[in-house]
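Every heavy atom of this structure was used, including side-chain atoms; hydrogens, water molecules and symmetry mates were not. To find a chain, count down the sequence lines: A is the first, B the second, and so on, and within it residues start at 1.
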Amino acid sequence: MQILPESPLVAAPIETRFGVFIARFSEIGLAQLSFPHESQPIATCSIVSPQIRSWCNQTEEALQNALQNGSAQGFPPFDLRRGTEFQQRVWRALQTIKAGETMTYSGLAAAIYQPTAVRAVGSACGANPIPVLIPCHRVLAANRKIGGFSGGLQWKELLLEIEGQDGFVRLI
DNA sequence: CAGGATCTACTTG
DNA sequence: CAAGTAGATCCTG
């Protein structure tokens with residue numbers, strides 16, 4: 001079930017103490033956030049609407065805070081149209097997990113009233129287009145193991161550590 | 001149709 | 001305990 005207008009996105013680099021993240025905006029909000037990558041792509045367009053500039057500032061502010069103490073606030077609107085209905089439900093549920101708290105894949109499945117779709121929930125987490133701000137890193141496996149992370153487990157560990165959750169057991 | 005960021009129950013060192 | 005196995009489950013491309 002895709003509902004995609006497929007509009008072009010405006011990319012903006014965001015410098016943090018952990019590297020340069022890249023945020024991409026559509027006409028209705030932040031659509032994607034990627035972790036620092038080796039390659040330093042991006043043809044930066046300096047002429048963007050004040051609307052996007054504003055969202056960009058909010059994103060930067062929120063990201064900086066998230067990476068500093070885990071307390072992020074003042075988010076720009078999110079454009080999650082890329083996701084299927086199922087994925088959007090999961091991503092919405094993710095946003096209810098507060099910083100410093102933690103959840104399990106099965107708990108999340110139960111939260112969206114599909115207690116048996118545990119595995120599918122894991123996949124949906126992996127498809128989260130806005131990591132960090134949509135806290136998929138706060139989801140651990142039921143056995144107190146860390147589970148996986150598409151951006152690389154190091155990031156998940158780092159984020160959890162920043163939020164004071166370091167009691168989990170590493171999986172591998 | 002195969003393949004995941006899972007889970008539970010069970011069996012073995 | 002830790003580690004490995006089997007089967008159940010269900011969204012995706």
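- Between the OH atom of A:Y105 and the P atom of C:dC10 there is a distance of 19 Å, given to the nearest Å.
- Counting non-hydrogen atoms under 4.0 angstrom, A:F149 reaches a base of the nucleic acid.
- No hydrogens or angles were tested; on distance alone, a donor-acceptor pair under 3.5 Å links the side chain of A:S150 to the base of B:dA5.
- A salt bridge links A:R81 with A:E27: at least one charged nitrogen is closer than 4.0 Å to a carboxylate oxygen.
- Using a 4.0 Å heavy-atom criterion, one finds that A:T116 contacts the sugar-phosphate atoms exclusively.
- For A:T84, the side-chain atoms get nearest to C:dT12 when compared with the rest of C:dT12, C:dC11, B:dA5.
- For the pair A:S71 and A:N65, the tightest heavy-atom approach, listed with the atom from each and the gap, is O-CB, 3.1 Å.
- At a threshold of 4.0 angstrom between heavy atoms, the contacts of A:S106 are confined to the sugar-phosphate backbone, with no base atom among them.
- Here B:dT6 presents its P atom at 10 Å from CG of A:N143, a figure rounded to the nearest Å.
- Minimum atom distance to the side chain of A:Q87 is reached by C:dT12, of the listed B:dA5, C:dT12, B:dT8.
- Remark: aromatic rings of A:F149 and A:W155 are distant, center separation not under 6.0 Å.
- Across B:dC7, B:dA5, C:dT9, the shortest atom-to-atom separation from the side chain of A:V118 is found for B:dC7.
- In this structure the side chain of A:F21 reaches within 4.5 angstrom of the side chain of A:P36, judged on heavy atoms.
- Between A:R119 and A:S123, it is A:R119 whose nearest contact on DNA chain C lies nearer the 5' terminus.
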